[in-house]
Structures are given as C-alpha cells and as structure tokens.
Amino acid sequence: MRRDYNGGLIAFSRFFSFFATRTCSPELSINSQFRLLCITCDSLTTTHTFSQLLRQCIDERSISGIKNIQAQMLKSGFPVELSGSKLVDASLKCGEIGYARQLFDGMSDRHIVTWNSLIAYFIKHRRSKEAVDMYRLMITNKVLPDEYTLSSVFKAFSDLSLEKEAQRSHGLAVILGLEVSNVFVGSALVDMYVKFGKTREAKLVLDRVEEKDVVLITALIVGYSQKGEDTEAVKAFQSMLVEKVQPNEYTYASVLISCGNLKDIGNGKLIHGLMVKSGFESALASQTSLLTMYLRCSLVDDSLRVFIGIKYPNQVTWTSLISGLVQNGREEMALIEFRKMMRDSVKPNSFTLSSALRGCSNLAMFEEGRQIHGIVSKYGFDRDKYAGSGLIDLYGKCGCSDMARLVFDTLSEVDVISLNTMIYSYAQNGFGREALELFRRMINLGLQLNDVTVLSVLLACNNSGLVEEGCELFDSFRKDKIMLTNDHYACMVDMLGRAGRLEEAEMLITEVTNPDLVLWRTLLSACKVHRKVEMAERITRKILEIAPGDEGTLILMSNLYASTGKWNRVIEMKSKMKEMKLKKNPAMSWVEIDKETHTFMAGDLFSHPNSEQILEKLEELIKNAKDLGYVEDKSCVFQDMEETAKERSLHQHSEKLAIAFAVWRNVGGSIRILKNLRVCVDCHSWIKIVSRVIKREIICRDSKRFHHFRDGSCSCGDYW
DNA sequence: CTAGGGTTAG
C-alpha cells in the first residue's frame, strides 16, 4: 500500500522534473520562472516545485534566488514551516550561514531536519562550539535528537574535549536504541571514544552494533593504530576479513601504519598484496601508508618502488618519504628529494621542514641547513615548535648554541621537546651552566620531564665537568622515582669514570638490573683514560663473558696496552681481532665547503683531487704550530713503530687533513669539522694552536661532543 | 532536504 503511494510520488516528481527542465530556461529569472510554474501547478504540488527551483539556485549558488522563492511563498500564503528545512538546506549549500540562521530564527515550528542541517554545517566547517550550542538549544526546546543529529554531534564533543556531555549523549543514543541499530551513530561513537584515547570503550560500542560495516571497523583500527596498540589494530583487521567485510583505502591506510610500527613486514607485504588485489593500490593515502610502512621496516628500496608508482605525491607523501629516508640514515637522498618537492611546487609544512632539518643536522650541513632556515621563514614557520626544534637541533649540532638559543627564544610556545632540544644543544657544546639554568626553568614551568630531559642534563654536567651537580641531580632523579635507563647510568659511569672515581662508577653498574655492553665499555674506557690496567683486564673478562670477541672492547684494550707500552699485549689483541676478522672502523672527517661535503680518511693522502695542495698547507700549518710550541704527543699512537713513523702517522689524522683543506680553500667564517671517532689528544692540542695561527674559530663535532677552538684554547677546557 | 573512518614530526 505504502509502496504504491511512494511509487506514485516518485513517478509524479519524475514527471515534474521533466516539466521543470522544459519550462525553466536560463534566460528567465528564477523569479519569473517561479511565477510561471505557479500558474501551471496547483498548490498540492508546490512543494515539489520548490525542490526543482531550489536545486537550480544551489547549482547557481544564487542566494537571491532563494530569497525570491521565499518571498513568493509568503505572498501565496504558503506556510514557511512546511518548506523551511529545504530553504535552510539550500542556503547552507550556497554557503550562506547568516541567511540560514535568519530563516531558522524566524521559524516558530522547526522540523528536525532543520536542526540537523545546521549542526552538520557547523561540524563540516569545524565550528564545533556552535554545533554544540545548537545541540543544547535543541534539547532545551524539547526536540529529541535522532540518528542524524547524534552521528554528527559526537565529533564536536571530542573536538572540544567535552567528555561528560559526550557520555550523557551516548546514554541518550542507548535509550533510543540507536547505538545498536544505526551504524552511523555507532561509528561516530567509536570515533569519539578513539579521539578521547579510550579504545576500550570504543571496542565495547563496536561489539554492540548489530550490522558492522567497513567504516565502523576502520574507525576502531585507526584508534588502535594512533594509540600505538598496533597488535590490536592488525588483529581487528584480520577479524574484519574473517567477517567478510571488505577493507577500503581508509582501512589500508591505517592498518599499514601499525604493520610499520611493529616492523611486521610479513603482514605488511600480505596486506600490500591484498590492497593491490582489491584495487586500492592507487589511492594516495594508502600508498603513503605503504611507503611509510616500508621505510619503518628499513626496506628503503621497496619504499622507493612504491614512491615511483605514485603519480601526484602530496605534501604528506613527500614528508613521509623525506622523514623516512632520514630515519634510515639516507640524509643526502632525503635532501635531494626535498629539493625535488620544492621544485614541484608542493608546499612544505612544519613536519617536512623538521625532517629536512634533521637530515642536515645529522651530517652537520650548516650551509644547507641555513638555506632551509630561509625556507622556514618564507613559509612562516619561524615560531613553530616543530620546525623550531629542527632548527635548534641543527644549530646545536653545527656548534652554534647561540643561534640555537635565538631560535628557541622566538618560539611561540615552549614545550618539553623544544626545551629538551635546547638543553641537549647546550650539553653537546659544553655549556653546562646554561643547560642547568634552562632545566630549572622547565621545572618552574611545571613541565613534566622525560627520559631525554634527564639524559640531556646529565650529559650537560658530564661535558662541562660539573661532577658534583651531576651526582646531586642523579640522586634527586632516583629519589623522585624517575625511570632511569641504561643510557642515564652510562652517562653517570662516564662522568665518575673520567673524574677518576672508578670504584663509584662500578658500584653504580651493579645497581642496574640488566647492565648492557655499552655500560661496561664506558667503564672500560674510563680505565683506559686513567691507565688502570688491572681493573681494565677484570672488566674485559666480564664483557667477554657476555659478548665474546666484542670489537670495541678489544680495540680499547689494545689502545690501553699501547699507551702503557705493553706492546706484546697489543700484538696479542691484534691477532685476536684478526682471528675474529674484525677491522677497526677507519677514522674519518668531513668538512662542508660551498654546500659540498668533502671526506677525509686517516692515512689516505691521495684520493682527494687536491691532495698536493692539502699536504703542502698541512706541512705549513704544522711548522707554524711548532713555532708556537706544538710537540707531537706520541702516546696517541697505538702501534709500535719508529719515532718518526709515529710522528708521520699523527700528521695524517683525518681532522688534520680536513682542516688543512679548509684553510687552503680559504673559507670565510668558522671552520666546521665532523668526525666519526673522538678527537685524540695530539690533534686537540694541535688544533688549539692552529686556531690561533689562522685567527679563525675551528668547530669540531666528534662522535660525542663539540670542541670550539678559538685563539689557542678549546671550549671543552681540555676535558673530554 | 540532514549523518560516520585515513596518510607526515622534534
């Protein structure tokens, strides 16, 4: 019966639609068309007439058309309440919220659709506060929300963190039975609880929804994925397949991120296959997630293959690629891709910039980094905390803590991470007092410190010889029951060890439940500094029990024996290393000149195209230094050889070659050197004197910290 | 005439 009625209505409106398109011509104004139609139709069909005309107004975005129609309705005595919601809807679609609101306010009796349209409009334009206000007004007007109202208003609650009110409305959805019966309401609820971080609640809602669909389940997977409950995300995806719900591009986009987080390449590849099979391989967001997944699993080649297949990568895609490459130690390539992105006129955002900056700072590429700083300013991210932290990190790792501080002071919002980065910059560069002052400021601001904070302050004390302060802080951290990791202990062992308090350092290790290799090696290197052969041998036995033939340990012992003249033992160590087929990491230095990075290896005098000039300049610098009192320190040579050969080997250290090259190229400003190992005592005293000779600052970042050589002295105070 | 889910970061 009812179906017949509906069918009749549909047939009628089809007929009318035909009529309307014939009657309405673009030459006539909406006004005259309306009059025309009124003449040809009786009042019963007027509602349908309106629909046709309004649709045309929407197509033409003509708010005046809508106003005309309303005027005609009034004139012909047609009650506005009957068609009010259509007028409101048309106004909203023309982007005229003001007029829609005016209409709404003028109505004495409002249909629920009117309320829903307005709420939906506010949600769509992220005007959550107004959406909630409208919802509240609806309740006070005793209008009962329906499935449309509820499925949109929940987003506003999560946006505004209105948990209490959200719960009350959830209760309403339960009472109305909509939580179970309407999957739109269910998904909105799941999404809301997910945004509140309550995946458990979200799952409970999902379980109650009768007919689960792809959106509902995806909303939960997204929740798990974003909260780091990645195993749950993958499980939910699998059970979705079991229940024969087809995943779509949104689903793939989120579950793949979880596979990446888990480094679960097995499932990752499986899902990749599924994605191709179901035809979602060309959806950009899924492709981006796929790219991210391969990068997180360190499968750089696979990720590049995915990237090549992407026709129009957007900002997010590029950012994912650039940050992933940096994470995999492929900084140079990351920066090339960054340039390509800029060339393709894809705008960078703060994520992109902070990743590109991190690429620069890892390689201490000062010039390149400064150019990116220019881009940061150009796009207005100077005060942004993400881009800002990248800049602070860059300047810190290039030895300019002053510039890092300048950036830090312009940030619009200071948080734990930007503070950590700044403290760490000071720490690396040996500005312990400044680091501690910032740390105190952080405490005063009431910010919750984390493990990076702890490491940064301890490192600051360590690098500035503030042993007492360091111990006090460490004790206070222990007292405050702050989670201390092996890294924190290693820092303390290093600090105490360097200060010659070896027994205390060893005591500290016994406190650690699961001491790792690094911890013992740190102690061992302290033994080396203080030439405590017996203790070193005891520690070595301990290490070799955990890790037989550990490379670092054998090298350290070999060097210790060398510096105490026990050459027989040195040979013993070396043969042991040969047996294990271990080779020492070659010592390398890098220097960036005119945005080009030059690499130097210790003892390698010929591979650089300008070796001749470099050696000439080096000889000159050594002579100049000797005139001012430089004498080779042969304790830095760990091989038994003739005295002159020892001198020669010292002269071929990679940092000396790099500095000679930079001086020869006559670079302006400070000379910046990056080293993979730590700077030796001989080079350290040589560079000090050279900095006076050439009247130029030399900044050397070794594997552990910075040395600023200026006018014959070093910022580390000869303590490193 | 009104409704639900995604990808990048220090």
Side-chain angles (χ1 to χ4, degrees), chain A residues 47 50-51 54-55 58 83-93 111-121 123-124 145-155 178 182-192 194-195 209 213-223 225-226 247-257 260 283-293 295 313-324 326-327 348-358 361 384-394 415-422 424 452:
Chain A
T47 331
F50 288 150
S51 301
L54 283 173
R55 199 166 305 154
I58 293 165
S83 267
S85 53
K86 280 193 175 153
L87 282 169
V88 167
D89 174 59
S91 308
L92 290 175
K93 281 188 178 142
H111 193 269
I112 179 132
V113 173
T114 320
W115 293 94
N116 290 345
S117 297
L118 277 165
I119 291 175
Y121 176 87
I123 298 286
K124 196 173 156 195
D146 67 1
E147 61 269 37
Y148 286 85
T149 328
L150 291 172
S151 55
S152 52
V153 80
F154 289 130
K155 199 194 281 299
L178 293 170
N182 187 288
V183 70
F184 285 83
V185 173
S187 324
L189 275 167
V190 167
D191 177 58
M192 182 182 73
V194 157
K195 300 259 156 70
V209 176
D213 71 358
V214 55
V215 178
L216 178 73
I217 304 175
T218 303
L220 184 68
I221 294 177
V222 169
S225 182
Q226 287 177 346
N248 63 20
E249 49 177 311
Y250 292 79
T251 327
Y252 289 118
S254 49
V255 75
L256 283 168
I257 295 302
L284 188 55
S286 327
Q287 287 176 308
T288 303
S289 295
L290 196 58
L291 177 78
T292 312
M293 189 271 293
L295 285 165
N314 65 9
Q315 190 184 53
V316 179
T317 318
W318 280 109
T319 306
S320 171
L321 177 72
I322 292 164
S323 79
V326 172
Q327 278 159 13
N349 60 22
S350 57
F351 291 48
T352 329
L353 293 166
S354 75
S355 302
L357 285 167
R358 207 147 52 85
S361 47
D384 179 89
K385 59 181 175 177
Y386 294 108
S389 303
L391 286 170
I392 294 168
D393 187 43
L394 168 79
D415 67 352
V416 185
I417 299 195
S418 46
L419 265 162
N420 283 351
T421 315
M422 192 59 231
Y424 193 79
V452 180

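A, B, ... follow the sequence lines: proteins, then strands. Residue 1 opens every chain. These numbers were taken from a predicted model, which means no experiment stands behind them.
The nucleotide whose nearest atom lies closest to any side-chain atom of A:Ser286 is, among B:dG6, B:dA3, B:dC1, B:dG6. In the set B:dT8, B:dA3, B:dT7, the nucleotide with an atom closest to the side chain of A:Asn314 is B:dT7. Set against B:dC1, B:dG4, B:dA3, the side chain of A:Ala188 has B:dG4 as its closest nucleotide. Counting only heavy atoms from C-beta on, A:Ser323 has its side chain closest to B:dA9 among B:dA9, B:dT7, B:dA3. Distances were taken from every side-chain heavy atom of A:Ser187 (C-beta onward) to each of B:dT7, B:dT2, B:dG4; the shortest belongs to B:dG4. Considering only the side chain of A:Gln327, B:dA9 comes nearest among B:dA9, B:dT7, B:dA3. Picking from B:dG6, B:dG4, B:dT2 the nucleotide with the shortest atom distance to the side chain of A:Val183 gives B:dG4. Proximity note for A:Ser85 (side chain, C-beta onward) versus B:dG6, B:dA3, B:dC1: the nearest is B:dC1. Taking the side chain of A:Val222 as heavy atoms from C-beta on, and the options B:dG4, B:dG6, B:dA9, the nearest nucleotide is B:dG6. Between B:dT8, B:dG6, B:dG4, one nucleotide has an atom nearer to the side chain of A:Lys195 than all others, and that is B:dG6.
Nucleic acid contact class of A:Asn349 (heavy atoms, under 4.0 Å, all strands): base. Within 4.0 Å of A:Glu249, counting heavy atoms only, lies at least one base atom of the nucleic acid. Among the protein residues, A:Thr421 comes within range of no part of the nucleic acid, since none of its heavy atoms lies under 4.0 Å from any strand. Within the nucleic acid shown, A:Asp89 comes within 4.0 Å of sugar-phosphate atoms alone, with no base atom in reach, counting heavy atoms only. Looking at heavy-atom distances under 4.0 Å, A:Asn420 makes no contact with the nucleic acid at all. A:Ser117 comes within contact range of the sugar-phosphate backbone alone, with a heavy-atom separation under 4.0 Å but no base atom that close. No engagement by A:Val153 is indicated, since no non-hydrogen atom pair under 4.0 Å with the nucleic acid exists.
One atom, NE2 of A:His111, and another, P of B:dT2, lie 13 Å apart when rounded to the nearest Å. Remark: P of B:dC1 and NZ of A:Lys93 are 7 Å apart, rounded to the nearest angstrom. What separates CD1 of A:Ile257 from P of B:dT8 is a distance of 4 Å, to the nearest Å. Note: CD1 (A:Ile119) to P (B:dG4) measures 12 Å, nearest angstrom. A:Leu150 places its CG atom 13 Å from the C1' atom of B:dT2, with the value rounded to the nearest Å. Summarising the geometry, the separation between CE on A:Met192 and C1' on B:dA3 is reported as 15 Å, rounded to the nearest angstrom. Following rounding to the nearest Å, A:Leu220 (CG) and B:dG4 (C1') show an atom-to-atom distance of 14 Å. A:Leu178 places its CG atom 14 Å from the C1' atom of B:dT2, with the value rounded to the nearest Å.
Contacts of A:Asp89 classified as salt bridge (charged side-chain N to carboxylate O under 4.0 Å, His left out), with partners at least two apart in sequence or in another chain: A:Lys93. A:Tyr121 meets the ring pair (Phe, Tyr, Trp, His ring centres under 6.0 Å) test with A:His125; sequence neighbours excluded.
A stacking contact between A:Phe184 and B:dG4 is absent: the pair does not combine a ring-centre distance of less than 5.5 Å to the base's six-membered ring with planes differing by less than 30°.
Proximity of A:Gln226 to the phosphate of B:dT7: a side-chain N or O atom is located under 4.0 Å from OP1 or OP2.
At least one side-chain heavy atom of A:Val214 sits under 4.5 Å from a side-chain heavy atom of A:Thr251.
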